[in-house]
Every structure is written in structure tokens, then in C-alpha cells.
Participant: 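Got a structure here, written out as C-alpha cells. Questions coming.
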Number of protein chains: 2
Amino acid sequence: MRDVDIAEAARLSGVRASTLRFYEEKGLIASHGRRGLRRLFDPAVLDRLALIALGRAAGFSLDEIATMFAPDGRPRIDRRMLAAKAEELDRTIRKLNAMRDGLRHAAACPAPSHMECPTFRRLLRAAASGAIGERKARRPPRKSLAATGREKGRAREP
Amino acid sequence: MRDVDIAEAARLSGVRASTLRFYEEKGLIASHGRRGLRRLFDPAVLDRLALIALGRAAGFSLDEIATMFAPDGRPRIDRRMLAAKAEELDRTIRKLNAMRDGLRHAAACPAPSHMECPTFRRLLRAAASGAIGERKARRPPRKSLAATGREKGRAREP
DNA sequence: CTGCCAGTTCAAGTCAACTTGAGGTCAAGG
DNA sequence: CCTTGACCTCAAGTTGACTTGAACTGGCAG
């Protein structure tokens with residue numbers, strides 16, 4: 001199989017066609033040529049998309065991910081950057097662990113009001129002092145599964 | 001101390017005055033009255049801000065947090081909601097753990113290119129298949145420490 | 001009495017990562 | 001040859017949580 005079109009790339013990668021165009025515009029991927037108007041991608045774009053997905057999942061921004069590719073297109077990933085991100089993740093994980101335990105306790109706590117539960121109040125103080133850093137769960141994607149191939153006809157979610 | 005003004009509330013809570021106004025507009029906090037134009041807050045607003053900070057840190061949206069207050073202003077937190085959030089955090093934590101370990105390995109891996117490292121490729125596949133859900137580390141706040149009290153004169157970051 | 005300046009309002013801007021809309025093109029099938 | 005519909009471009013919209021700008025106000029020090 002040589003040269004996949006955008007619908008196929010979308011189907012195979014699970015990334016929407018509009019996102020592929022967006023990524024191309026951002027320089028994260030490149031189309032190899034055109035057939036008429038239509039982009040043609042090298043199948044290697046799928047590896048690249050996987051790497052992008054991995055980077056996103058690890059918490060890298062698209063701009064950061066862009067730096068992970070050498071000019072020749074092959075990944076050139078700074079190991080120190082990976083280690084730093086691992087450290088960052090570790091810190092995040094520790095905070096989330098504390099938060100989860102606190103929530104769990106608060107959920108099970110028999111105190112009539114949460115305000116009377118020492119554990120909850122301790123959490124509260126930690127949050128107020130900023131000891132439990134910010135974080136935000138990404139809003140879920142529209143559809144993570146492979147697209148249907150049709151782009152216009154997709155049922156629009158309200 | 002009865003009735004803090006916005007600058008004081010900001011100083012004591014570490015939340016910016018503009019954010020306090022925003023929270024008030026959203027109905028998350030309420031000012032108790034005015035002196036001239038200036039809002040006056042009941043000191044209890046500080047507890048409320050702590051609870052909001054906690055909720056944010058746990059990953060609740062402001063809208064969700066808004067539901068955690070009874071009409072009388074006292075927190076009325078659904079324990080099942082806390083348990084559910086704890087579960088969610090737990091899932092997130094597991095994914096982040098896997099990601100951290102993978103990154104750690106990739107950072108230390110002796111393979112000449114990451115693409116030749118089986119662990120890295122396994123991670124890649126997991127990410128491509130969506131097994132490692134989305135997440136996004138919130139961009140860091142401007143200043144987590146207590147504000148200076150001046151709002152206009154603050155050095156603007158470029 | 002006057003001016004200062006921290007406070008006020010309201011609209012608009014920011015950021016990231018996409019998505020959507022309108023209007024256009026073209027390769028292939030009938 | 002003509003239609004069809006998937007793809008194209010480019011601009012603008014979306015989301016959440018705020019921040020910023022411009023124009024204004026009023027309590028208090030001098």
C-alpha cells in the first residue's frame with residue numbers, strides 16, 4: 001500500500017481528517033503529494049501520528065511535540081526531556097494520589113458535614129495553600145474510535 | 001475581623017481580585033455588601049474559596065463546584081460524586097504511572113533510536129490505540145503566592 | 001475641597017487544540 | 001458529458017477559566 005489519502009489516514013489512525021489538516025498546517029505531519037486536490041500521505045504518517053498521540057498523552061503540547069522531529073522527519077527525542085516529563089508526571093501522580101485518598105475518605109467519612117471531618121479539612125488547607133497543584137482533566141474527545149470516513153454527514157453532537 | 005474587602009480576600013486566599021469578581025459573577029461566592037463601590041466579603045468566603053480550590057485541584061469544573069453548595073451557602077457535597085471522582089482519579093493515576101514508567105525507560109534506553117526500543121514501541125502502540133487516555137496538565141497560574149494588592153501596577157508578563 | 005488611586009463595570013481578549021461553515025474544485029461513475 | 005460527493009481552503013467559532021482594557025467612581029488623606 002503506497003500513499004494513503006486523508007480519509008484512510010483518519011480511519012487507520014483514529015484521528016479526524018480535520019485534525020490531520022490542522023496538524024499539517026502546524027507542521028506536525030506533511031502530505032506527500034496530491035491527487036487532484038486531495039492530499040496523499042506516506043503510510044509512515046501513521047507512525048508519526050502515533051508518536052504525536054503518545055506525546056499528547058504524556059502531557060506534551062503540540063509545539064513541544066513539534067521539536068521532537070528532526071528536520072528529516074525522523075523522531076529525535078531528547079532523553080533529558082523525557083526524564084524531565086517523567087519527573088513531572090511523578091509529581092502529578094503524587095498529588096493525585098493524595099487527592100484521591102482524601103476524596104475517598106471524605107466519601108466514606110461519617111461526619112455529618114464534611115466541614116467537621118479532619119481529613120477533609122486537611123485537604124482543604126492543602127488546596128488553599130496551593131500544595132496540591134493545578135490540574136485539569138482534558139474534556140473527552142468527540143470520538144476516539146476510527147472515523148466512518150464521511151466528514152460532512154457525521155451526526156453533529158449538540 | 002468583620003468583612004474583608006476584595007484586596008484582603010485576594011491576599012488571604014491567594015486568589016486574584018479579578019478572579020474573585022469572576023467567581024462572584026458565576027455565583028460561586030457572594031459579596032456581603034458594599035462600602036461605596038467596594039465589595040465587602042464575609043470572612044467565611046475564605047473557606048469557600050478553599051473548597052473551590054480543592055474542587056479545582058480534584059478536577060471538578062467550576063460548574064460542578066457550584067452544585068456543591070446548598071442554597072444556604074453551606075457545602076452540600078454528594079459523597080457518591082466524591083467516590084466517582086476518586087475512581088476517575090484512580091484511572092488517571094494508573095495511566096500516568098504507565099506513561100511515567102514508559103518515559104523513564106525510554107529516557108534510559110540504550111537503543112540508538114527510540115524507534116528501535118521495544119518498550120517505546122509498546123507505549124507508542126498503546127497511545128495510538130487510545131489505551132492511554134487524554135490528559136492535559138493545566139498551564140501554570142500566573143502567580144500562586146499571595147497577591148501584592150495592586151492590580152493595575154502588576155508587571156505584565158509578555 | 002481636591003485629587004489620588006484602589007476599587008468598579010462591561011466588553012473583549014487569551015490560550016490550546018481543534019471543529020465548523022461557507023463556498024469552491026475535481027476525479028470518477030453513470 | 002454531467003453529476004456527485006468527498007475533498008479542498010480560509011475564516012471564524014468553541015470551550016473553560018480567567019485576564020485585560022477602557023472608562024468611570026467615590027472614600028479618604030492632605
Participant: How many Å lie between CD1 on B/I52 and C1' on D/dC18, as a whole number?
Facilitator: 14 Å
Participant: Just grab all the ring pair (Phe, Tyr, Trp, His ring centres under 6.0 Å) pairs involving residues 100-131 of chain B, residues at least two apart or on different chains.
Facilitator: B/H114-B/F120
Participant: Give me the residues of residues 26-42 of chain B where at least one heavy atom lies under 4.0 Å from an atom of DNA chain C, by number, or none.
Facilitator: B/R34, B/L37, B/R38, B/R39
Participant: For the pair A/R48 (side chain) and A/L28 (backbone), establish whether a donor and an acceptor sit closer than 3.5 Å, ignoring hydrogens and angles.
Facilitator: yes
Participant: Just the rounded figure in Å: distance from P of C/dA6 to CG of B/L20.
Facilitator: 17 Å
Participant: Whether the side chain of B/R121 engages the backbone of B/M115 through a donor-acceptor N/O pair (distance < 3.5 Å, no angle test) should be reported.
Facilitator: yes
Participant: Can you tell me how far P of C/dG7 sits from CD of B/E24, to the nearest Å?
Facilitator: 14 Å
Participant: Answer yes when B/E8 and B/R11 have at least one side-chain N-carboxylate O distance shorter than 4.0 Å, and no when they do not.
Facilitator: yes
Participant: As a quick check of understanding, evaluate salt bridge (Lys or Arg N to Asp or Glu O under 4.0 Å) for B/E87 and A/R104, giving each step before the final call.
Facilitator: CA-CA 9 Å; B/E87 278 309 299; A/R104 207 91 96 182; 2.7 Å; yes
Participant: Does B/T19 put a side-chain nitrogen or oxygen below 4.0 Å from OP1 or OP2 of D/dA17?
Facilitator: no
Participant: Return no unless some side-chain N or O of B/Y23 is found under 4.0 Å from OP1 or OP2 of D/dA17.
Facilitator: no
Participant: Would you call A/E24 and A/R21 a salt bridge, taking side-chain N to carboxylate O under 4.0 Å as the test?
Facilitator: no
Participant: Map A/L62 and B/D5 onto DNA chain C by nearest heavy atom, then report which one ends up closer to the 5' terminus.
Facilitator: B/D5
Participant: Would you kindly give the CD1-to-P distance between B/I6 and C/dA6, to the nearest whole Å?
Facilitator: 14 Å
Participant: Do B/R100 and B/N97 get their side chains close enough for a donor-acceptor pair, meaning under 3.5 Å?
Facilitator: yes
Participant: Provide, to the nearest angstrom, the distance between the CZ atom belonging to A/F60 and the P atom belonging to C/dA16.
Facilitator: 16 Å
Participant: Given atom CZ of B/F22 and atom C1' of C/dA11, what is their separation to the nearest angstrom?
Facilitator: 14 Å
Participant: Take the protein atom CD of B/E25 and the nucleotide atom P of C/dC10, then report the distance between them rounded to whole Å.
Facilitator: 8 Å
Participant: With a 4.0 Å limit, can you tell me whether B/S61 has a side-chain N or O closer than that to the phosphate oxygens OP1/OP2 of D/dG16?
Facilitator: no
Participant: Is B/R16 close enough to D/dT20 that one of its side-chain N or O atoms is under 4.0 Å from OP1 or OP2 there?
Facilitator: yes
Participant: How close or far is atom C1' of D/dT9 from atom CZ of A/R21, stated in whole angstroms?
Facilitator: 9 Å
